[in-house]
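In what follows, chains are A, B, ... by sequence order, proteins preceding strands, each numbered from 1.
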Amino acid sequence: MSVYINQDTRVLVQGITGRQGSFHTAQMLAYGTKIVGGVSPGKRGQVVEGVPVFDSTFEALESHPADASILFMPAPFAKDGALEALEAGLKIIVLIPESIPLHDAMDIMAYARQKNAVVVGPNTFGLVSSGSSKIGIMPGRYFVPGPVGVVSRSGTLCYEIVGNLTNDGIGTTTVVGLGGDRVVGLHFVDVLKKFEEDPATETVVLVGEIGGSAEEEAAAYISSSMIKPVIAYLAGRSAPPGKRMGHAGAIIERGRGTFESKVEALSEAGVKVADLPTAVSPLVKNALDKT
Amino acid sequence: MSVYINQDTRVLVQGITGRQGSFHTAQMLAYGTKIVGGVSPGKRGQVVEGVPVFDSTFEALESHPADASILFMPAPFAKDGALEALEAGLKIIVLIPESIPLHDAMDIMAYARQKNAVVVGPNTFGLVSSGSSKIGIMPGRYFVPGPVGVVSRSGTLCYEIVGNLTNDGIGTTTVVGLGGDRVVGLHFVDVLKKFEEDPATETVVLVGEIGGSAEEEAAAYISSSMIKPVIAYLAGRSAPPGKRMGHAGAIIERGRGTFESKVEALSEAGVKVADLPTAVSPLVKNALDKT
Amino acid sequence: MKLYEHMGKELFARCGIPVPRGKLVETVDQAGEAAAELGEVVIKSQVLTGKRGKAGGIAFVSNPGEAKKEAARIFDLKFDGLTTEKLLVEEKIQIEQELYLALTIDGAARRPLVLASLDGGMDVEEVAEERMIRWPVDNTIGLQDYMVREICRRMGVTGSLQKEFVKFMPKLYRMFREMDAELAEINPLALTPDGLIAADAKVTIDDDALYRHPQLPRITEKTALELKAEELDLAYVELGGDIAVMANGAGITMATLDMVQHYGGDPANFLDFGGGADIDKTTQALELLLATAPKVLLINIFGGITRCDVVAEAFVRVKENKGIELPVSFRLVGTNESEGRAVLEKEGIKTFNSMDEAVRHAVGLTA
Amino acid sequence: MKLYEHMGKELFARCGIPVPRGKLVETVDQAGEAAAELGEVVIKSQVLTGKRGKAGGIAFVSNPGEAKKEAARIFDLKFDGLTTEKLLVEEKIQIEQELYLALTIDGAARRPLVLASLDGGMDVEEVAEERMIRWPVDNTIGLQDYMVREICRRMGVTGSLQKEFVKFMPKLYRMFREMDAELAEINPLALTPDGLIAADAKVTIDDDALYRHPQLPRITEKTALELKAEELDLAYVELGGDIAVMANGAGITMATLDMVQHYGGDPANFLDFGGGADIDKTTQALELLLATAPKVLLINIFGGITRCDVVAEAFVRVKENKGIELPVSFRLVGTNESEGRAVLEKEGIKTFNSMDEAVRHAVGLTA
């Protein structure tokens, strides 16, 4: 089984002729991802890593049907690229760029909602169906098949934890990077639902951090609707209190958002919260042994 | 069976305290329509024809769940009222006002598409499930149950034709007024599909007029996908050619839009096109006799 | 409401769309002065017709003397009965290619529609379907750069001209949306060494949205009677026959005219006095019709939102105040029908039940 | 980027949002002159802190003499270490009620969020949940009048004040959207006999969108070192301990700090040099850290988009050019790991496989 993507998912790469785009096209192809075409306005006819390049997603789709798109363009052009992919009918959009303006991100998410499409990111490493397909920039060798679903707000920290699992002989079903920005397409709850439904996923790892209320919302969902065990790690215990966004920040968060509030909410929902990133793998092993 | 609405459809009236709103509330109630509440900003607590009035659709829905809304406000406020009804979650919006700016109508339709809602109108008489419920301003007594589905771009002309049917002892399943504006929510094709699916509808009457390409699109649909007989009447045979919208009008219509083009398209699709409005009823009778 | 070319260009300029430098003039002498200032110029009649060019309403001149001569010639021309009141005198621009670009409303898609072609100019209506690109714009997000690039790709436009379009089109879209335009058409859109320039401007503003644009002048193409009808908020068109027709609703009014013709009659007008008119408005509609001195008056009322008693009372009021001498064929059914008939019967006025009877009776009265 | 009150009010005024008449002054004498011109005034320190009022940074005065005295007092105050460089001297407005209104971004809804309350003023954070109305705005249609009316209904606002809000809120929304604001907060929003007036302004612009707003001044609350880091596009925060930490990715950097503390160490900083940094940027990040003279350097690299060989080469380059004298704990795994290790081994530098080992080693080195 697979969550969001599988080995048959056909992928376009927008911004394929750039440094990052071409590098990660090669990496994704090496992992097994089915990349059917690339888009780079004005570069029609080029070939990158064996992938044909088109002037627009519309043009690419005329001859190369696809399901998903991954975007590598600079942040100021990401909104245009994402809306193009959505209007062209792609249903999974992976937004790699960081520093996309928040109002652009809100516009992208609103259009994605209209189009019933899933946006991963922005500012994400993407997502991977371990052993089958990766749409993202994560180092492929840590993502080997196994029974654990992983969802994370941060990138490298997620690799760290998945790397530990892999070293301990524990593979993953799907790993999803939500992205580090304030406005992102997928939240913990969305992915947890998928993991709960996915027969191949036995245990779930949630990698969170301070700020926002996504972990508290996840805790509420886990408490009310999840049967599968969830292990969490949260970064930011030692971080100094962030600079406040006027009173509005406090009004919105209402005491949520701190390390303590998140740990408390998750613990109350029955989630085992690891003290250190290195403590996640043993907890997962424990959970798997019990199931 | 019913198309779009039935005797259980719960209706809000927006603009209920106005002259038209209150008059037609009484008329609709008399017909049997299940009006659960009215909305008129600043008029909360009033009662119109026994119907409680609220300040907003949101407030009304808190205590009076509803499925549809009919709007009677002046054209400049119609967009605000329609968007409110859509955001509040109503799935059928009947826009009675005429002279709604076209750009407002486009905004309403775009939001309705997002909300998976049906907009009838603007500049429509509404729709009626004969004998069960009317959401509109049509004179109720002509709309008696029977086997004919009627869809019309114009109002009074539709009453004329339905009146003739009624006088000839032929009732209707559902009668839908598409509305006379250039941008309307439902087109012939949408309603023809419903009639084709509706087991109670045996024969369909289409009342069109010159301009636009809705009749030609209907002809294409009828030709490819309809089994039930369709009788049409088209107004405007004697009308002088309209004033052109630059070259763009001609480019868009490409010869469609004229009386002749519509008659030809419909005839080719197997539709019997009546010469006079009074000729519709006999043709319907013929068709019903055959089925 | 159609705008004159110079007004459309003013709106364009305000949105940053390049237009030629020009002067609006009202006399032959002013045309000469403008030419003296601008050098080689084109002189364009400001009339609301699409066939101005073919009818000789545009002239290229290279000096003030010629300018005056051509201005005088154009002031003397008639365009579908219209004369020129103002001329636009514009610098001659160096046109490398004539393109076509328009924004209008796509009723089928319920969206703004971009029309674009590399084959602009006089015969744009004849352009092959595949050379005319259509792009319905999702108005929830507006015209985005990728749409412009895609329209360009479909036109076969690349490189620097594509970049020009990416700057140009969103400005036209903004103007189209903000000004409640039904049409914003540029034909030709001139490709010049300085980039794209709107060499013409056909802008139509949605009449129903004019209240949002008080700064716009009010322009009309209507006759005096039509203007009077407009003031009364009546849909009225003169047709020239002898049976005055009054009905409620555009569709049934059209159908009534069709039926009059079908039975060999000749309608004098189209008059839709709308739905739900009150007694004053109905009275005014009747008075307007009588003022045109037709042979016969045909009234066809199928009351829905319109109330039969209101129409009947208005009729009686006009009859009492002004007198109604001509023969009338009156059809009256629908909301409050019996009340309406009662009012008319008191005055000895017979009504018909069926439209068919009423129309045949009216046509018979003209025989 | 937080804006000073007076800048926020300038943006408000440009969108038609009423603000008090006022003058921005830099000296005690100017404050006196402003008071002479404006009459009864309020003098407000322009500092970027939310606690200005409680800390004495606001004074009401009724004549120029008092104004100068209070201005002098405020110039001498410290607010969380910040001093006042400018004062806003504003006419005193007649406040009938202090309300609260803000627009911000709701990450959970992925939409703009209106926050509104009748209980504005100093203690707005303490307002009961049901007295603070939240309304996520569907940004495909923007803030419509019905939304404002509904927010008003939920606040218990009717009549003329509701009408005021219907005029007021859409202006704030427009400003919020057009200026790429993360926050546009008015507290108090003053209800006066002349209607609603923005008595304060807290506006934060999205840093990532600043490139779209070249007309805005650039304001920073950062230390010199943090500014240097910003120039280099590094996420850097000073923390005060003795273990300099460098990692790639905000999450893992935070986790590294957490782990340093967990094992009893004291981190000197947060330094996330991001994903996919090239050799120059990595070199600059290292040099910046070394310039802070920490006791130990802890490098924690898990290469994804970041390449281990690039980090290793940058390290060697800095070592060769500037020398690296202090003890280093280096963890290096991920993309091009073996190439990176080879580079470091040539220089005799040992690396760790695990983050845990590397952190414990670093903490041990400070003992």
Side-chain angles (χ1 to χ4, degrees), chain A residues 12 14-17 37-46 52-64 69 71-90 93 95 97 100-101 103-117 119, chain C residues 16 99 101 103-106 108-118 129-174 176-178 191 195-196:
Chain A
L12 286 188
Q14 288 176 259
I16 193 171
T17 56
V39 176
S40 235
K43 303 286 170 67
R44 176 194 333 191
Q46 291 193 12
V53 180
F54 301 92
D55 273 348
S56 73
T57 55
F58 298 94
E59 187 189 20
L61 294 174
E62 282 171 7
S63 53
H64 292 72
S69 187
L71 277 78
F72 286 103
M73 51 264 287
F77 307 106
K79 174 179 163 183
D80 193 61
L83 296 183
E84 178 179 355
L86 289 165
E87 180 165 10
L90 294 161
I93 313 288
L95 287 177
I100 293 180
H103 287 260
D104 287 4
M106 290 194 288
D107 290 341
I108 294 168
M109 300 318 157
Y111 199 51
R113 206 180 292 130
Q114 277 192 62
K115 293 290 183 180
N116 294 313
V119 175
Chain C
L99 318 177
L101 180 63
L103 262 155
T104 182
I105 291 173
D106 184 348
R110 308 163 188 89
R111 283 182 174 174
L113 179 74
V114 175
L115 292 168
S117 178
L118 289 178
E129 184 106 30
E130 69 277 7
R131 298 276 298 169
M132 176 62 69
I133 307 307
R134 296 142 182 264
W135 187 272
V137 179
D138 187 331
N139 47 313
T140 58
I141 55 175
L143 187 72
Q144 302 288 325
D145 288 357
Y146 75 84
M147 301 177 189
V148 182
R149 290 198 311 267
E150 181 63 8
I151 292 166
C152 284
R153 184 179 76 79
R154 294 180 185 196
M155 281 199 284
V157 164
T158 56
S160 64
L161 181 53
Q162 181 190 304
K163 288 203 176 72
E164 273 281 305
F165 269 116
V166 168
K167 279 189 294 177
F168 194 98
M169 269 194 225
K171 290 175 187 165
L172 188 65
Y173 182 81
R174 223 187 72 214
F176 175 76
R177 291 283 286 166
E178 286 178 2
L191 179 57
L196 293 171

* For A/D80 and C/D145, indicate whether the former's side chain and the latter's backbone hold a donor-acceptor pair under 3.5 Å. => yes
Whatever's closer than 4.5 Å to a heavy atom in chain C on A/E59 counts as both
Residue C/K171 excluded, over 12 heavy atoms near NZ under 6.0 Å:
yes
| message | Under a 3.5 Å distance rule, please check whether A/E84 uses its side chain to pair with a backbone N or O of C/Y146 as donor and acceptor. | response | no
- Message: Between C/T140 and A/Q114, do the side chains contain a donor N or O and an acceptor N or O under 3.5 Å apart?
- Response: yes
Applying a strict 4.5 Å limit to non-hydrogen atoms, the region of A/F58 in contact with chain C is both
Ranked by heavy-atom pairs below 4.5 Å to chain A, first place among C/R153, C/M147, C/Q162, C/Q144 goes to C/R153
Honestly, the part of C/E150 sitting under 4.5 Å from a heavy atom of chain A is side chain
